[in-house]
*Asks:* 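Let me begin by handing over the structure; questions about it come next.
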Amino acid sequence: MFKIGVLQNHPRFLRVRENITDALGLMEKSRADLWVLPEFFATGYNFKTKEEVSSVAEPVSGGMTSGLLRSWAKKNDCAIIAGLPEKSGAKLYNSAVFVTGNSVSVYRKTHLFGAEKKFFSPGNTGFWTRSFKGVQVGVMICFDWFFPESARTLALKGAQVILHPSNLVLPWAPEGMKIRSLENRVFAATANRVGSERGLRYIGSSQITNPRGEVLSRLGKTRPGISVVSIDPSKALDKKINKANDLFKDRREKFYA
Ligand code: ACM
């Protein structure tokens, strides 16, 4: 079994160091093999200027946030996926770092949402998977969920668990992610934030779903918290729907172009 945890927080805008300390403090309350943290978990989300973004954006390699998460992951023998504004040369990306005790990988959000387009470059990493403790995981960020291609690409690349750091403001993702899980026969863990920030209200409802599209755990809409669930990731390797149908083998790719 593999323990997956989601963190639901309420970051204070631009107070990065304090927000990291608070997040790690919540995670200390339980053990997990892999923690999923929200999009922009330590900075807040509702930026109004590029200067604001720049003041908290960090490089992934050598950055404070990646470094602190990596040390914590090493100490706790786990992996962490967490969203942050990334500075890379002159560009800013809406990114998520996947850290283990001895590695850091970055995913850059493919489908930017709303005002993000004013500040961030569209992600150029594409969708990738990584193996951790024998489990294949893949990443997409928040609004990526609205494009079924994101989860499908990750599933076709072998992801057993989709990690989904989010700052959800629209109401549909918690129900929608049940379908993403079902239609790809994968687990999915969505970590969202709560509270409001400069007029944007975030919907919480962080959740973990299974390959049958069932909700294994869902947090509330307003309060910070954590939830850890034991899953059997091998269940996501079985793409059979019944004796006659296999989700991947039955695809008719020539009609999808
Ligand atoms: C979103 O993509 N943060 C809604």
Side-chain angles (χ1 to χ4, degrees), residues 8-9 11 13-14 16 19 36-61 63 65-66 81-98 104-129 137-157 159 162-177 179-180 184 188-206:
Q8 175 163 293
N9 70 342
F13 195 59
L14 305 184
V16 178
N19 292 326
V36 186
L37 276 51
E39 181 181 15
F40 294 166
F41 84 102
T43 57
Y45 173 85
N46 198 5
F47 300 107
K48 298 293 184 211
T49 65
K50 207 158 187 166
E51 289 67 42
E52 260 175 13
V53 185
S54 257
S55 74
V56 288
E58 296 179 27
V60 163
S61 175
T65 302
S66 303
I81 180 83
L84 82 173
E86 182 198 353
K87 196 175 272 172
S88 174
K91 290 197 166 158
L92 297 167
Y93 293 100
N94 180 339
S95 297
V97 283
F98 181 72
V104 181
S105 311
V106 65
Y107 166 71
R108 294 172 173 158
K109 188 175 184 176
T110 304
H111 305 95
L112 295 175
F113 179 73
E116 291 170 27
K117 291 187 177 189
K118 289 197 269 183
F119 310 126
F120 298 101
S121 299
N124 57 3
T125 54
F127 298 101
W128 47 252
T129 62
V137 299
V139 188
M140 60 186 198
I141 299 178
C142 203
F143 189 52
D144 280 332
W145 85 270
F146 223 108
F147 299 81
E149 296 88 347
S150 311
R152 175 51 55 96
T153 303
L154 288 169
L156 289 172
K157 288 186 170 186
I162 292 181
L163 314 175
H164 186 214
S166 296
N167 267 192
L168 297 163
V169 289
L170 302 176
W172 304 298
E175 291 302 294
M177 285 304 292
I179 303 299
R180 294 291 168 271
N184 292 293
T190 299
N192 190 25
R193 60 162 291 179
V194 291
S196 46
E197 189 181 69
R198 297 168 148 188
L200 266 191
R201 176 161 288 283
Y202 304 91
I203 66 163
S205 314
S206 300

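The basis for the numbers below is simple: all heavy atoms, side chains too, and nothing from hydrogens, waters or symmetry mates.
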*Asks:* Is any side-chain heavy atom of F119 less than 4.5 Å from a side-chain heavy atom of L112?
*Replies:* no

*Asks:* Should P174 and I203 count as side-chain neighbours, where that means a heavy-atom distance under 4.5 Å?
*Replies:* yes

*Asks:* Under a 3.5 Å distance rule, please check whether N9 uses its side chain to pair with a backbone N or O of F41 as donor and acceptor.
*Replies:*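 Side chain of N9 to backbone of F41: a pair is present.
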
*Asks:* May I ask you to check whether F40 and F120 place their ring centres under 6.0 Å from each other?
*Replies:* yes

*Asks:* As an exercise, state the distance from OH of Y45 to CZ of R193, rounded to the nearest 0.5 Å.
*Replies:*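 Between Y45 OH and R193 CZ, I get 10.5 Å after rounding to 0.5 Å.
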
*Asks:* With heavy-atom distances below 4.5 Å as the criterion, would you say the side chains of F143 and E116 are in contact?
*Replies:*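 Counting from C-beta outward, F143 and E116 never come under 4.5 Å.
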
*Asks:* Hey, what do you get for CD1 (I141) to CG (L163), rounding to the nearest 0.5 Å?
*Replies:*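 Between atom CD1 of I141 and atom CG of L163 there are 11.0 Å.
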
*Asks:* Hey, does F98 have a side-chain heavy atom less than 4.5 Å from the side chain of V137?
*Replies:* yes

*Asks:* Check whether any side-chain heavy atom of R180 lies under 4.5 Å from a side-chain heavy atom of I162, and answer yes or no.
*Replies:*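 Of all side-chain heavy-atom pairs linking I162 with R180, none is under 4.5 Å.
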
*Asks:* Out of curiosity, T43 OG1 to L14 CG, how far, rounded to the nearest 0.5 Å?
*Replies:* 7.5 Å

*Asks:* Just how far is it from atom OG of S205 to atom CD of E175, taken to the nearest 0.5 Å?
*Replies:* 9.5 Å

*Asks:* Before we go on, tell me: are the rings of F113 and F146 under 6.0 Å apart, centre to centre?
*Replies:*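 Distance test on ring centres: not under 6.0 Å, no.
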
*Asks:* I'd like to know if the side chain of E86 reaches the main chain of R108, judged simply by a donor and an acceptor atom lying under 3.5 Å from each other, with no hydrogens or angles considered.
*Replies:* no

*Asks:* Are the side chain of S66 and the backbone N or O of S61 linked by a donor-acceptor pair below 3.5 Å?
*Replies:*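 Such a contact is absent between S66 side chain and S61 backbone.
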
*Asks:* What pair of heavy atoms forms the shortest contact from F47 to P85, and how long is it?
*Replies:* CZ-CG, 4.3 Å

*Asks:* Would you confirm whether K87, through its side chain, and S54, through its main-chain N or O, come within 3.5 Å as a donor-acceptor pair?
*Replies:*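 Pair found, side chain donor or acceptor close to backbone of S54.
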
*Asks:* Does any part of the side chain of V106, heavy atoms only, come nearer than 4.5 Å to the side chain of Y93, both counted from C-beta?
*Replies:* no

*Asks:* Going by atom type alone, with no hydrogens or angles, which donor-acceptor pairs under 3.5 Å involve a side-chain atom of residues 165-172 and a protein atom two or more places apart or on another chain?
*Replies:*
from: S166; atom 1: OG; to: H164; atom 2: O; distance (Å): 3.1
from: S166; atom 1: OG; to: H164; atom 2: NE2; distance (Å): 3.4
from: N167; atom 1: ND2; to: E39; atom 2: O; distance (Å): 3.0

*Asks:* More than 12 non-hydrogen atoms from neighbouring residues, nucleotides or ligands closer than 6.0 Å to NZ on K48, yes or no?
*Replies:*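 Atom NZ in K48 is packed in, count exceeds 12.
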
*Asks:* With a cut-off of 3.5 Å and sequence neighbours excluded, list every side-chain donor-acceptor pair involving residues 147-157.
*Replies:*
from: S150; atom 1: OG; to: D144; atom 2: O; distance (Å): 2.9
from: S150; atom 1: OG; to: F147; atom 2: O; distance (Å): 3.1
from: R152; atom 1: NE; to: N184; atom 2: OD1; distance (Å): 2.7
from: R152; atom 1: NH2; to: E183; atom 2: O; distance (Å): 2.8
from: R152; atom 1: NH2; to: N184; atom 2: OD1; distance (Å): 3.4
from: T153; atom 1: OG1; to: E149; atom 2: O; distance (Å): 2.5
from: K157; atom 1: NZ; to: F127; atom 2: O; distance (Å): 2.6

*Asks:* Heavy atoms, side chains only, cut-off 4.5 Å: are T65 and V97 in contact?
*Replies:*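 No, side chains not in contact.
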
*Asks:* Just how far is it from atom CG of N94 to atom NZ of K109, taken to the nearest 0.5 Å?
*Replies:*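 Reported value, rounded in 0.5 Å steps: 4.5 Å.
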
*Asks:* Would a distance-only check, ignoring hydrogens and angles, find a side-chain to backbone donor-acceptor pair under 3.5 Å from T49 to E52?
*Replies:* yes

